[in-house]
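Quick notes on the structure that follows.
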There are 2 protein chains.
Amino acid sequence: MTAFLHDIVLVGSGNVATRLGLAIHEAGYRISQVYSRNKKTGKTLAEKLEAEFCSTISRLKTDASLTIIAISDDALPEFSDLFRSDGLVVHTSGSTGLKALSKCSDSYGVLYPLQTLSANTEIDFTSVPLCVEANNKKNLENLTYFARSISRNVRTVDSKQRAALHLAAVFACNFSNHMFSISDEILKEKGLKLELLLPLINETLRKIIHQSPSSAQTGPARRGDQKTIKKHLSMLSDPDLKKIYRVISDDIQKGR
Amino acid sequence: MTAFLHDIVLVGSGNVATRLGLAIHEAGYRISQVYSRNKKTGKTLAEKLEAEFCSTISRLKTDASLTIIAISDDALPEFSDLFRSDGLVVHTSGSTGLKALSKCSDSYGVLYPLQTLSANTEIDFTSVPLCVEANNKKNLENLTYFARSISRNVRTVDSKQRAALHLAAVFACNFSNHMFSISDEILKEKGLKLELLLPLINETLRKIIHQSPSSAQTGPARRGDQKTIKKHLSMLSDPDLKKIYRVISDDIQKGR
C-alpha cells in the first residue's frame, strides 16, 4: 500500500489546499510539489510543506502517485482539460461529480472534506469527516487507506449524496454563519457585542444533538407572534435584511 | 434586601415561565402563586413549584413582593391593563419596552433571559444571561440582586438595547436553527443524517468565538462561485427553499 503514497502533488493554495496540505504534511507524507496560479499564496504554502512551488501547468509532475486538486469549482473544468497524469488524481469539491476527472487519468476519485476550512484557522484535521469516492475498487481502497491516515472519520459517499451533503452544508454552515453576521451587525449598531449571544448560540446547537432542529425551534415565527414579527421588520432599515427576515419567518410559520 | 424576596408570584406557564420558575424554586425561593389561563400547563407548573394555582386575575395576589409576568408578547398588553400590584412587577419579554408595565405598579422592571428556553429541555440556568432594567435605582438594585442569585451572567440593558438583542437573537438562534432544519430535510431525502454535519456546525460556531462571523465566512456565495450557486438552485425543487437560498446568497455576495 505504501508504494502508492510515495509522491504527492497538491494543486491549489486556498483554504482547502492549505488545511489539507498541512494535515498531510503533519501526518508524515512527502508533498513534492505545490501548483498554484496565485504565486504569493502558492509559494507560502509550498514553503510550509517543504515542497517545490510551480505555477506553470506544463511543469506539473505527471508521475506523482497522488495528485490532489483543491481549487475552486469554477477553475476545475479548465484545469482538468489541461492536466494528464499516470497516477491517481482526486478533487476535493463537494458539488463536482466524480466523472469531472475522467480525462485526467485512468485512476481518479474524490476526497471531500466536509468541514469549513480557513487557511488562517487551525483545525484538528483528524476529526474532519472525509467523503471518498473513486472510479474503481482498487482506487477506492487506496484512497480510503490514505484518507484514514489523516482523519478518523472517513466514509464512502457517491456523487449524488455528496452533492446533497454539500448543499445541506451550505445551509447548515454558510447560511447559519451569515445569520450570525447579521446578528453581529444589529448588535454593533447599538454598541453591543455578539459575545452576549454565545450562550444562546451554544444552546441552539446543543439542542439539535438530541432532537430535530424543527422540533427544537422557538421564537416569534414559531409562535406565530405577528406583533413581534411586525416590530422586528420595522426595526430593520436595510431592505435586504427585511427580505431575509420575511422569507425565513414565512418558512418557519409554514413548518418543515 | 431579603425582605424584598419573601413572596414571589409567577404569571404564565409556557417555556420561559417554566424554566425561570424552576430556576427560582431551585435557588431556594418560595413561589406562592402561579397564574395561567392554561389550566393544564398552569397546574402542572404550580405543582412542581409547590405553589397555589390560579386562573382568575381577580384572585392574583396584589401584595407579592415580586410578580414575574412571563407570558407571550401578544398577551402582555391585555394582562397589564387588568393587573395592579403594590410590589415590584417585571416582564420577561425581549421586545417589549419597560414602560408597558407603568400602570401595573409604582415599581416595575424587566428580567429578560437571553436564551432559547423549552419547557421540556433542562438547562443550567446559572449560565443564562439575564438582562435587567427597572424604573428607578432602588428597583434596579433589588432586581439585580435577585437575578444574580439565579444566574452568574446578569447585566443592565435598556429597552432599546434589549429590543436589538432580541432581534439579533432571532437571527442568531431561530433563523440559524431553521437553516439546520432545511439541511436536515435535504439530507433525509437522500437517506443521510444531520449528524454527519455536526463537526461542521460545531466548527462554524468555534470560529466565531475568535473572529467575526463575517470574516469567518466560506462557501460558494463568499467565493462568488456562480456555477455552484446555479447547481444548488437547480437541486432545490421547493420554490420557498430556492427563494431562501437566493436571498441569503445575494446578501453574502454583497458582503456585511
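Keep in mind that this is a model prediction, so the values were computed, not measured. Below, chains carry the letters A, B, ... as their sequence lines are ordered, and counting in each starts from 1.
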Measure [X] against the heavy atoms of chain B and call it side chain, backbone, both or neither at under 4.5 Å.
X	result
A:Ala163	both
A:Pro129	side chain
A:Leu194	side chain
A:Leu205	side chain
A:Val247	both
A:His210	neither
A:Asn202	both
A:Leu241	both
A:Glu185	side chain
A:Arg206	side chain
A:Leu167	both

Side chain of [X], backbone of [Y]: donor and acceptor closer than 3.5 Å?
X	Y	result
A:Lys231	B:Ser95	yes
B:Arg162	B:Val132	no
B:Lys242	B:Ser237	no

Using a cut-off of under 4.5 Å for heavy-atom pairs, which of [options] has the most such pairs with chain A?
options	result
B:Asn174, B:Val128, B:Leu165	B:Asn174
B:Asp184, B:Asn177, B:Ile123	B:Asn177
B:Ser214, B:Ser127, B:Ser118, B:Cys173	B:Cys173
B:Asn153, B:Asn120, B:Leu192	B:Leu192
B:Ile209, B:Thr121, B:Ile208	B:Ile208
B:Lys190, B:Lys243, B:His232	B:His232

Closest contact, heavy atoms only, [X] versus [Y]:
X	Y	answer
B:Leu187	A:Ala164	CD2-O, 4.2 Å
B:Val110	B:Leu143	O-CD2, 3.3 Å
B:Ser36	B:Gly12	CB-C, 4.3 Å

If you draw a 6.0 Å radius around [atom1] in [X], do more than 12 non-hydrogen atoms from other residues or ligands fall strictly inside?
X	atom1	value
A:Gln253	CD	yes
A:Lys99	NZ	no
A:Glu78	CD	no

With only heavy atoms counted, which part of [X] is less than 4.5 Å from chain A, the side chain, the backbone, both or neither?
X	result
B:Leu198	side chain
B:Lys227	both
B:Arg155	side chain
B:Gln226	backbone

Exercise. What about the rings of B:Phe175 and A:Tyr245, do their centers lie closer together than 6.0 Å?
Worked result: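 Close enough - the centres of the two rings lie under 6.0 Å apart.
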
May I ask you to name which of [options] has the most heavy-atom pairs under 4.5 Å with chain B?
options	result
A:Lys207, A:Arg222, A:Glu189	A:Lys207
A:Leu114, A:Thr218, A:Leu200, A:Thr228	A:Leu200
A:Thr204, A:Thr116, A:Leu117	A:Thr116
A:Thr96, A:Val157, A:Ile186, A:Asn15	A:Ile186
A:Ser212, A:Ala216, A:Ser176	A:Ser176

For this session: May I ask you to check whether A:Ser151 and A:Thr126 show a side-chain donor-acceptor distance below 3.5 Å?
Result: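 A:Thr126 and A:Ser151 do not have a side-chain donor-acceptor pair below 3.5 Å.
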
Problem set entry | Residues A:Ser159, A:Glu133; criterion side chain to side chain donor-acceptor pair (under 3.5 Å); working and verdict | CA-CA 8 Å; A:Ser159 289; A:Glu133 185 183 9; 2.9 Å; yes

Exercise. What's the spacing between B:Cys104 SG and B:Asp81 CG if we round to 0.5 Å?
Worked result: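 It comes to 8.0 Å.
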
For this session: Might you work through the side chain to side chain donor-acceptor pair (under 3.5 Å) test for B:Ser93 and B:Asp73, ending with a clear yes or no?
Result: CA-CA 7 Å; B:Ser93 163; B:Asp73 294 0; 3.0 Å; yes

Exercise. Once the angle between the rings of B:Phe79 and B:Tyr35 is folded into 0 to 90°, is it parallel (under 30°), tilted (30 to 60°) or perpendicular (over 60°)?
Worked result: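 Judged by the thresholds at 30° and 60°, the geometry between B:Phe79 and B:Tyr35 is tilted.
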
